[in-house]
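For reference, the structure is listed below as structure tokens.
In the text below, chain A, chain B and the rest are named by the order of the sequence lines, each starting its count at 1.
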2 protein chains.
Amino acid sequence: MSSNFSHSEENYIKNIYHLQQSTGFATTNELAAALRSKPASITDMLKKLKAKKLLIYEPYKEFNLSPQGKRIALGIVRRHRLWEYFLVEKLKFGWDEVHEIAEELEHVSNKKLTDQLDQFLNYPRFDPHGDPIPDSNGKMIVQQQMILTELALNAPSQVSSVGSQSSELLELLKHKNITIGTRVEVKKKFSFDRSMELKLNNQVAVNISEQLASVLFVKSV
Amino acid sequence: MSSNFSHSEENYIKNIYHLQQSTGFATTNELAAALRSKPASITDMLKKLKAKKLLIYEPYKEFNLSPQGKRIALGIVRRHRLWEYFLVEKLKFGWDEVHEIAEELEHVSNKKLTDQLDQFLNYPRFDPHGDPIPDSNGKMIVQQQMILTELALNAPSQVSSVGSQSSELLELLKHKNITIGTRVEVKKKFSFDRSMELKLNNQVAVNISEQLASVLFVKSV
DNA sequence: AAATAAATTTAGACAAACCTAAAAAAAATT
DNA sequence: AATTTTTTTTAGGTTTGTCTAAATTTATTT
């Protein structure tokens, strides 16, 4: 009874899932950007996914996974994150080099394989990037986001989203080499101007203003 | 510079490799049977593989992998057998349920992944079926086949081929539940008629005649 | 050696998943 | 409210890998 989805369908489902996690829904253009393909291709697949009852979609509208689609997405996310954990913990990869490989391994979809791997790894609850791993029923720990200004000193965290998309902000983030996923620890807070010194990716030290810190959302890892 | 081959191309290459291992070369019909596809499809792909210089092939002739094609085949076999070993040794699968899963995992082709996995497993030289695992240079132990009558007492081995295809023989093998891959240990040899008692798959005890033993080829595992 | 059978290839279709260019709908601006 | 811009869809192709049916080549019989 293991319904089977193509490599491509799974990539769509996974990316729709991530988009609707961050903004509540997905759109054709966003998904095309995420999948590095063209909007017209997206429309084609949306129709197929809708026909398979995995997607709630009406032409020209934004769309979301159906409960069934979400179940499948969580299976993919589960496999992805378990393999990432495996690669880092058992095969000694760096946390920053496992994504691509997990991207392929996640498509090997066999319930017993996934569950045995989970057991072998001792049922980890977070992957090496700090993201929660769904259990075999699709349940996972919900992570609370916080504003960087609220983060405790030396608490390891990771940039999860930014509070605006203004080009001024993006320019600054680019200059400081901060992106979604960058690991952050607050090393010092200066009460004079509420600026702070950060350590990025356990390597680089940078200083940022309160204005910047207040638009950076992080989650603890 | 990791040249990339499609899932489908890899399946062709792997199956051509196995065919030429057992009979010295491959033919269109045999390959179609192995891949459960149609001869016309095979011909199409043979042309593509030839164009990519992976195959030595002239229309209407039998064919073989080029040295380059063989190198790729050995990479696939290496991944397949390493994953099988992983599944049995680490994830506690039975040796008879890992083939299908390894069939998918083998297509995840990343040199570092494969080499780290190899190291993690402690450089195993044989997979759970007793087949040798190529090392990162494609070298592997060559296995000598022997006739079952020559096998030492209690030496674990595995049926690798049969000396005839007669229906009488096949009927007998079917009745005794012996196939290619069946695990065999000789528990007793009776000098009166040279019949022997075997243990099959570490479970069942059976008696076989000298005539039968003399047409069963085994390899040690 | 001719006829028959078997194996292989060619020709032409088809589905999946992608593309470009043009049309249509929705959203944003003036 | 009308116009412009952006987003999305439609229409029509392309590539990959498969298929069936017919043609061709090779092998086997008679």
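Of the possible polar contacts, none joining the A/D127 side chain to the A/Y85 backbone as a donor-acceptor pair under 3.5 Å is found.
Scanning residues 29-39 of chain B for heavy-atom distances under 4.0 Å to DNA chain C yields B/N29, B/P39. Of the residues in residues 45-63 of chain A, those lying under 4.0 Å from DNA chain C by heavy-atom distance are A/K48, A/Y60.
Residue B/S6 places at least one side-chain N or O closer than 4.0 Å to OP1 or OP2 of D/dG17. Residue B/S8 places no side-chain N or O under 4.0 Å from the OP1 or OP2 atom of D/dT16. Of the side-chain N and O atoms in A/Y12, none sit less than 4.0 angstrom from OP1 or OP2 of C/dA16.
Between B/N11 atom CG and D/dT16 atom P there is a gap of 18 Å when expressed in whole angstrom units. In this structure, the CZ atom of B/F5 is 12 Å from the P atom of D/dG17, given to the nearest Å. Between the P atom of C/dT10 and the CG atom of B/D44 lies a distance of 9 Å, rounded to the nearest Å. Across the protein-nucleic acid pair, A/H7 atom NE2 and D/dG17 atom P stand 14 Å apart, rounded to whole Å.
Residues passing the side chain to side chain donor-acceptor pair (under 3.5 Å) test with B/S160 are B/Q145, sequence neighbours excluded. A/Q144 is linked by a side chain to side chain donor-acceptor pair (under 3.5 Å) to nothing, counting only residues two or more places apart in sequence or in another chain. Partners of A/H99 under the ring pair (Phe, Tyr, Trp, His ring centres under 6.0 Å) rule, at least two apart in sequence or in another chain, are A/H80.
Geometrically, B/K70 does not engage B/Y17 in a cation-pi contact, judged by NZ or CZ lying under 6.0 Å from the ring centre and within 45° of the ring axis.
Rounding to the nearest 0.5 angstrom, the gap separating the CD atom in B/E9 from the CG atom in B/L55 is 11.5 Å.
Judged purely by distance below 3.5 Å, without hydrogens or angles, the side chains of A/H129 and A/Q158 never pair a donor atom with an acceptor atom. A side-chain donor from one of A/S195 and A/D193 sits under 3.5 Å from a side-chain acceptor of the other.
Among residue pairs with one or both ends in residues 27-42 of chain A, none qualify as salt bridge (charged side-chain N to carboxylate O under 4.0 Å, His left out); sequence neighbours excluded.
Across all strands, B/T43 comes closer than 4.0 Å to base atoms (heavy-atom distances). Note on B/S41: a base of the nucleic acid sits closer than 4.0 angstrom, heavy atoms only.
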